[in-house]
Amino acid sequence: MATDTLKSKPGAQGGATGGLRRLLLDNGALTALIVLVIAMSALSGDFLTADNLLNVGVQAAVTAILAFGVTFVIVSAGIDLSVGSVAALSATVLAWSATEAGIPVALAVVLAVVTGIACGLVNGFLVSYGKLPPFIATLAMLSVARGLSLVISQGSPIAFPDSVSHLGDTLGGWLPVPVLVMAVMGLLTAFVLGRTYIGRSMYAIGGNEEAARLSGLRVKRQKLAIYAFSGLFAAAAGIVLASRLASAQPQAAQGYELDAIAAVVIGGASLAGGTGKASGTLIGALILAVLRNGLNLLSVSAFWQQVVIGVVIALAVLFDTVRRKAGATAPAAGASGGGKGKQALTYVIAAVVAVAVVGATSLLHNGSSAAAKPKIGLSLSTLNNPFFVQIRDGAEEEARKLGVDLTVTDAQNDASQQANQLQNFTSGSLSAVVVNPVDSDAAGPSVRGANKADIPVVAVDRGVNKADTSALVASDNVEGGALGAKALAEKLGGKGTIVILQGQAGTSASRERGAGFAEGLKDYPGIKVVAKQPADFDRTKGLDVMTNLLQAHPDIDGVFAENDEMALGAIKALGPKAGKSVQVVGFDGTPDGLKAVEAGTLYASVAQQPSELGRIAVRNALRAADGEKVEKMVKVPVKVVTQENVAGFEG
């Protein structure tokens, strides 16, 4: 009787209104997605274009595929933090096997998939038989898989086989293959969860593991299979991601495990286990993709984007909590009959609402006059480094002077995130794009997309491979490395021992500066390099790595750091030795680096005048957009800045 009374309440509140309220509560993630689409459509006329909606699908694909695998784990009350690293390792194994090892591509794909499954089985074994908490077991695999990816690739991207790279292309010139792969993996997830014995076992284990064991389920074996599924899906995601970038990046998919978990939770699954479904996970991944895409189109600051996404994730989970307290039905395992019909009706209603929104917003934006200001997008590899902040500042200064509307995005040293940002620029109404690539090869496919859309692209600081750019505005990193070697060697009198602090593995800047330094050092056979260690262009890591190196090599005479941030960290580690018994040379000519040069703790910095790079890049982008001829290569001279000339130097 109590149940009947509760069921009658919505109707008592007023028929259709109560039913709509119940529909919205029962489908919180879908409601959130519809609200987001409405908001983005109203705020940006570029959002509801066919090209941009396909971009959203492509950008959601990798996260969704990872999240489908994580859904199995979370439904069974586990967690998998390793999927991003496993994705990178699987892609690296495929690329290395097919190129360096000469293994047939079909077999290389099998090896990549086996690698993902093997990582999942190790996770499952540690959880089931090793009795490790899932958080600890998968955290360990996160580190191991990432390390193996770097070992296999030697820290450099590996070109992906052309036959597999087609996974990043489109069918018929319009339908992206990543979206098809996402759909197939979603259907497979739904089938496993709703139609198979292991799917029902996942719900049983997540609901009450002890009860599942007492009912006869072989829980340990089931967990092995569950984590193996997660590894399989991670491998598929890694292959799709590398196909989009045309290269296997050893640092790819960093942080994607958090996006995958967020997508599953936003989609209605509980971290306590026992609930979750494939459609909810897909909606969660689409919410994250719509957010990032829309915020790019709205020119929201890269830093504020992180804040907004975090708030939306928290609100989505809070909404789910309210929904459960309000008595909405939780996603059930193997719901059938009327439940499936009700779900189908929900999606039909959502589709109708979406179509209505498309019509309303198209009327809203139709007839609006084109913006008076030309619009240029600037995608920087990172804004956590003063050098690139100076590029941004120079670009913004020039944009204000020329009356240009400049949108700046931060790729956070993630080649795949930069690919998404460039796709968003291409689908927006931009006059030109300026890109500072995370990696020259990985930026190629996205820049080719801009080429097809007849949007001129100017590269700054680093070139773009296998794509057309109107201009490259850059200093010569190789020449700069050679100048750094000459300055340090001459300061040491042509003899001594030195260490090298390398930048982030896989970035072209680190490779080029390191190669130039090595070439320049050949003229000074008395200089011996006793150690090389990456410190990721980061001051704190520079401090830590230098401190460790001093334990093994306390009597070094010099340090070459591939940027000023690492050099400043090294100076801190050296203490009173810096500038006296140990000479340090940095790279970039950042304000803090120049202050250290003036103080004498940093002997020299190879300065690239980053503000000038930004100014010239925007100037050339506007010229290209106006159809004017620009120089293909615009060189901004590098200069070794020491105490003798620092007073007159302007970056």
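Distance alone, capped at 3.5 Å, places no donor-acceptor pair between the Asp564 side chain and the Ala567 backbone. In this structure a side-chain-to-backbone donor-acceptor pair under 3.5 Å is missing from Asn477 to Glu512. The main-chain N or O of Val300 is found under 3.5 Å from a side-chain atom of Gln305 such that the two form a donor-acceptor pair. Put simply, the side chain of Gln421 never gets that close to the backbone of Thr409: no donor and acceptor are under 3.5 Å apart. Put simply, the side chain of Asn563 gets close to the backbone of Phe537: a donor and an acceptor are under 3.5 Å apart. Without hydrogens or angle criteria, Arg146 side chain to Pro250 main chain gives a donor-acceptor distance under 3.5 Å. Judged by distance alone, with hydrogens and angles left aside, the side-chain atoms of Ser85 form a donor-acceptor pair with the main-chain N or O of Leu142 at under 3.5 Å. A donor-acceptor pair is defined here as one N or O able to donate and one able to accept, closer than 3.5 Å; such a pair exists between the side chain of Arg513 and the backbone of Glu562.
Considering only heavy atoms from C-beta on, Leu568 stays 4.5 Å or farther from Thr601 through its side chain. For the pair Val290 and Leu33, the minimum side-chain heavy-atom distance is below 4.5 Å. The shortest distance between side-chain heavy atoms of Thr382 and Asp410 falls below 4.5 Å. Using a 4.5 Å heavy-atom cutoff, the side chains of Val630 and Val458 are not in contact. Side-chain contact between Asn296 and Phe425 is absent, with no heavy-atom pair separated by less than 4.5 Å. Here the side chains of Leu501 and Leu549 are in contact, with some heavy-atom distance below 4.5 Å. For the pair Val62/Ser416, no side-chain contact is recorded, criterion being any heavy-atom separation below 4.5 Å from C-beta on. Asp476 has its side chain within reach of Lys635: a pair of non-hydrogen atoms, C-beta onward, lies under 4.5 Å apart.
A donor-acceptor contact closer than 3.5 angstrom is absent between the side chains of Gln390 and Asp588. Side-chain contact check for Arg244 and Asn420: at least one donor-acceptor pair (N or O, by modelled atom type) lies under 3.5 Å. With hydrogens and angles left out, the side-chain atoms of Asn293 and Asn52 include a donor and acceptor closer than 3.5 Å. Side-chain atoms of Gln504 and Asn413 include a donor-acceptor pair closer than 3.5 Å.
Residue Thr63 comes nearest to Ala285 through the heavy atom pair CG2-CB, 4.4 Å, listed as atom of the first residue, atom of the second, then distance. Annotation for Val641 and Ala607: closest pair CG2-CB, 3.7 Å, computed over non-hydrogen atoms. A pairwise comparison of heavy atoms in Ala91 and Gly238 identifies CB-O, 3.5 Å as the closest pair. Taking all atoms of both residues into account, the shortest heavy-atom contact from Val177 to Leu167 is CB-O, 3.2 Å. Counting all heavy atoms, side chain and backbone alike, Gly589 lies closest to Leu594 at O-CD1, 3.7 Å. In terms of heavy atoms, Ala432 sits closest to Ala625 at CB-CB, 4.2 Å.
By the side-chain hydrogen bond (donor to acceptor under 3.5 Å, both in side chains) test, Thr92 pairs with Ser149, sequence neighbours left out. In this structure, the ring-ring contact (aromatic ring centres under 6.0 Å, His included) partners of Phe560, at least two apart in sequence or on a different chain, are Phe517. The side-chain hydrogen bond (donor to acceptor under 3.5 Å, both in side chains) test applied to Ser247 returns Gln249, not counting sequence neighbours. Taking the side-chain hydrogen bond (donor to acceptor under 3.5 Å, both in side chains) definition, one finds that Glu396 meets it with nothing, sequence neighbours left out. Residues that satisfy the side-chain hydrogen bond (donor to acceptor under 3.5 Å, both in side chains) test with Gln417, not counting sequence neighbours, are absent from this structure.
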Give every donor-acceptor pair under 3.5 Å between a side-chain atom in residues 462-475 and any protein atom, sequence neighbours left out.
residue	atom	partner	partner atom	Å
Arg462	NH1	Pro437	O	2.6
Asn465	ND2	Asp441	OD1	2.7
Ser475	OG	Gln608	O	3.4
Ser475	OG	Gln608	OE1	3.4
Ser475	OG	Val636	O	3.1

Intermediate values then yes/no, side chain to side chain contact (heavy atoms under 4.5 Å, CB included), Arg511 and Asp439: CA-CA 10 Å; Arg511 293 197 303 273; Asp439 180 77; 3.6 Å; yes
Side chain to side chain donor-acceptor pair (under 3.5 Å) for Asn424 and Gln59? Distances and angles first, verdict last. CA-CA 10 Å; Asn424 295 340; Gln59 292 164 25; 2.8 Å; yes
Should Leu288 and Ile309 be marked as a side chain to side chain contact (heavy atoms under 4.5 Å, CB included) after you check the CA-CA gap, both sets of side-chain angles, and the distance that decides it? CA-CA 7 Å; Leu288 294 177; Ile309 289 169; 4.2 Å; yes
Quick one, Glu397 with Arg615, criterion side chain to side chain contact (heavy atoms under 4.5 Å, CB included). Give me CA distance, side-chain angles, the key distance, then yes/no. CA-CA 7 Å; Glu397 179 187 330; Arg615 285 190 285 267; 3.5 Å; yes
Give the intermediate values and the outcome of side chain to side chain contact (heavy atoms under 4.5 Å, CB included) for residues Val435 and Val457. CA-CA 7 Å; Val435 59; Val457 178; 3.8 Å; yes
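To the nearest 0.5 Å, atoms CD1 (Ile498) and CG (Leu521) are separated by 5.0 Å. Atom OG of residue Ser446 and atom CG of residue Asn451 lie 11.0 Å apart, to the nearest 0.5 angstrom. Taken from CG in Leu406 to CG in Leu378, the straight-line distance is 5.5 Å, to the nearest 0.5 Å. Atom-to-atom distance recorded for Leu297:CG and Thr49:OG1 is 8.0 Å, nearest 0.5 angstrom. For the atom pair Asp536 CG and Gln502 CD, the distance stands at 10.0 Å (nearest 0.5 Å). In this structure, CD on Gln251 lies 11.0 Å from OG on Ser156, to the nearest 0.5 angstrom.
Among Glu398, Glu628, Glu631, the one residue that satisfies the salt bridge (charged side-chain N to carboxylate O under 4.0 Å, His left out) test with Arg619 is Glu398.
A salt bridge is absent between Glu598 and Lys595: the closest approach of a Lys/Arg side-chain nitrogen to an acidic carboxylate oxygen does not fall below 4.0 angstrom. Salt-bridge check for Asp259 with Arg292: passed, with a basic side-chain N closer than 4.0 Å to an acidic carboxylate O.
The local environment of NZ in Lys452 is sparse, with at most 12 non-hydrogen atoms from other residues, nucleotides or ligands closer than 6.0 Å. The number of heavy atoms from other shown groups lying within 6.0 Å of CD (Glu644) does not exceed 12.
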